[in-house]
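Following: one structure in structure tokens, then a few remarks.
Here the structure is a predicted model, which is why all the values come from computation and not from measurement.
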Number of protein chains: 2
Amino acid sequence: MAWDTERTKGLLLEAATSEFCTRGLAGARIDRIAAEAGVNKERIYQYFGNKNALFDAVIVAALSTLMDEVPIEGRGPEAMADYAGRLFDHHQKDATAPRLLFWEGLERGTEVVGLPKRMANCASKVNSTIAALPGVSREDAGDLLITIVSLCDAAPVLPALDGLMAGNDPGRAQRRRAAVVRTVYLAAAALAAEAQEPLNAPAATA
Amino acid sequence: MAWDTERTKGLLLEAATSEFCTRGLAGARIDRIAAEAGVNKERIYQYFGNKNALFDAVIVAALSTLMDEVPIEGRGPEAMADYAGRLFDHHQKDATAPRLLFWEGLERGTEVVGLPKRMANCASKVNSTIAALPGVSREDAGDLLITIVSLCDAAPVLPALDGLMAGNDPGRAQRRRAAVVRTVYLAAAALAAEAQEPLNAPAATA
DNA sequence: ATTAATTACAACTACTTAGTTGGAAACTGG
DNA sequence: CCAGTTTCCAACTAAGTAGTTGTAATTAAT
């Protein structure tokens, strides 16, 4: 059996994803990642460089995977609401992506890694949004996507907020999901309507 | 001059707020907090106990201050949209509260400190929301508030998202603000309308 | 003043951390 | 089988880390 370096890299990346997801960049421990992967930690430095570069690799891999796993499908405001619902469900099942996204935002600020690939991913989502809502501007499509991401990704990262606001009743996750879907539908429908009749500009900004 | 222990505590809390805000719980350094406050670090252990307890004190102080600084005023969906706009502006000027909120969510999970006080604060906001939108249920009011917090607090914590989606054009912060305000208005108006005519239930959850 | 408590602080401890190194083991082509 | 390269790993290093302690200064009550 030849040295299966790809497998080792994969094990390391998987363990690192789990560790960074739960503890963040500052809280993650290289030794723990190596131990969980069953690999000597020196491999991390050979394959990825250092802790920061490993974090970068985890971020790029996880967020790019997510983009493929939850596509925008169909047409009209319903399609965007449906997308939001599926994104919400996905994050409810596995909070890796939203947690990594917020870790990155908090610990890295505006410094983004893997820019070209991620910009391409975002542009692709913007294009899908425009396809779903013909006539909507790129700016409005981007804003709608940010709204969707904010609503779907904040929920699993702020698990206590639900309980603080609504008490401990069961089924509040489902109600939260419904609220997100409805809000996104309303926002998308407003953009679509505005795109149809752009002449009577509503004073929405006031 | 007597021992001004309150001043010392205040200096420590201020320095700790800044340190935890930028670096989080795992990334913060006790030595750095003491140095920035111009106080010996042993004082931290006398006054607050340990690093975690200091973090707790910072969280409770910062979030409770915020609740008072940005009140819900007026009636109708416009009032909720206005509240969202002021919250957005507040966080744009000073991202301390949203950053601490997300640090807490990521590093602490569901374990919330200062529960009674914070539940009271949330209940107060829920009551204000119900006052602004008569007939709305506590659950829907809480959901609307979570929507507002998600939209307003995610923006300063994910500063890169804007650029990734919409490019680097200036004024995108203002457009984002307008989008948040409009979205909140639509969500609040829908809840208000539903409260007026509760008999024909729209299939919003489907 | 004297005493007893509190507040301040520098030095210290025990431990953990990211990152390195030197050499052994496993694979490759000849 | 052999030389050269790559992969592996245990032990090591140098620099922090949270938290403690012994002691001196400050205060207020006697």
Side-chain angles (χ1 to χ4, degrees), chain A residues 1-61 100 103-104 106-109 111 113, chain B residues 1-61 100 103-104 106-109 111 113:
Chain A
M1 176 179 84
W3 292 122
D4 196 346
T5 71
E6 285 310 312
R7 197 184 85 99
T8 304
K9 272 193 200 179
L11 288 172
L12 241 18
L13 204 64
E14 193 183 344
T17 301
S18 163
E19 176 77 2
F20 284 129
C21 171
T22 59
R23 318 231 187 196
L25 178 55
R29 295 295 167 248
I30 291 283
D31 290 38
R32 217 154 27 205
I33 293 171
E36 195 184 313
V39 166
N40 193 276
K41 72 170 172 170
E42 175 261 4
R43 291 291 85 202
I44 290 173
Y45 296 95
Q46 282 296 325
Y47 291 147
F48 298 96
N50 59 23
K51 195 186 185 184
N52 280 276
L54 179 59
F55 185 71
D56 294 348
V58 164
I59 291 273
V60 170
L100 287 173
W103 281 123
E104 186 197 24
L106 286 169
E107 305 200 278
R108 283 280 174 76
E111 181 196 338
V113 296
Chain B
M1 176 178 83
W3 293 122
D4 195 345
T5 70
E6 284 310 312
R7 196 183 85 98
T8 304
K9 273 193 200 180
L11 287 172
L12 279 173
L13 205 62
E14 193 182 343
T17 301
S18 163
E19 176 77 2
F20 283 129
C21 171
T22 58
R23 318 228 186 199
L25 178 55
R29 294 295 168 248
I30 292 284
D31 291 41
R32 214 152 35 202
I33 293 171
E36 195 184 312
V39 165
N40 191 277
K41 73 170 172 171
E42 175 261 3
R43 290 291 86 200
I44 290 173
Y45 295 95
Q46 282 296 325
Y47 290 146
F48 299 96
N50 58 23
K51 194 187 186 184
N52 280 278
L54 179 59
F55 185 71
D56 294 347
V58 164
I59 290 272
V60 170
L100 286 174
W103 281 122
E104 187 197 24
L106 286 170
E107 305 199 278
R108 283 279 175 77
E111 183 196 337
V113 296

Between A:R29 and C:dT17, is there a contact of a side-chain N or O with OP1 or OP2 at under 4.0 Å?
yes

Output the rounded distance in Å from CZ (B:F48) to C1' (D:dG19).
16 Å

Between D:dG19 atom P and B:L54 atom CG, what is the distance in whole Å?
10 Å

What's the spacing between B:L106 CG and A:R23 CZ if we round to 0.5 Å?
13.5 Å

Going by heavy atoms closer than 4.0 Å, what residues in residues 18-28 of chain B are next to DNA chain D?
B:A28

If you count every heavy atom of other residues, nucleotides or ligands that lies below 6.0 Å from A:E14 atom CD, does the total exceed 12?
no

Side-chain touch A:L13/A:F48, heavy atoms, less than 4.5 angstrom
yes

Rounded off to whole Å, could you give me the CG-to-P distance for the A:L12 and D:dT7 pair?
14 Å

Minimum side-chain heavy-atom gap A:F55-A:V113 below 4.5 Å
no

Residue-phosphate contact under 4.0 Å: B:Y47 side-chain N/O, C:dA8 OP1/OP2
yes

Separation of A:Y45 atom OH from D:dC9 atom P, in whole Å?
16 Å

So if I take residues 30-44 of chain B and measure heavy-atom distances to DNA chain D, which residues fall below 4.0 Å?
B:I30, B:D31, B:K41, B:E42

For the side chain of B:K41 and the backbone of B:R32, is there at least one donor-acceptor N/O pair under 3.5 Å apart?
no

Return the CD1 to CD1 distance between B:I44 and B:I30, rounded to the nearest 0.5 Å.
4.5 Å

Can you tell if the side chain of A:E107 reaches within under 4.5 Å of the side chain of A:F20, non-hydrogen atoms only?
no

Is there a donor-acceptor pair closer than 3.5 Å between any side-chain N or O of A:W103 and the backbone N or O of A:C21?
yes

Among D:dC8, D:dT17, C:dG19, which nucleotide has an atom closest to any side-chain atom of A:T8?
D:dC8

Whether the side chain of A:N40 engages the backbone of A:R43 through a donor-acceptor N/O pair (distance < 3.5 Å, no angle test) should be reported.
no

Just how far, in rounded Å, is C1' of D:dG16 from NZ of A:K51?
13 Å

What is the distance, to the nearest angstrom, from the CD atom on A:Q46 to the P atom on C:dG19?
14 Å

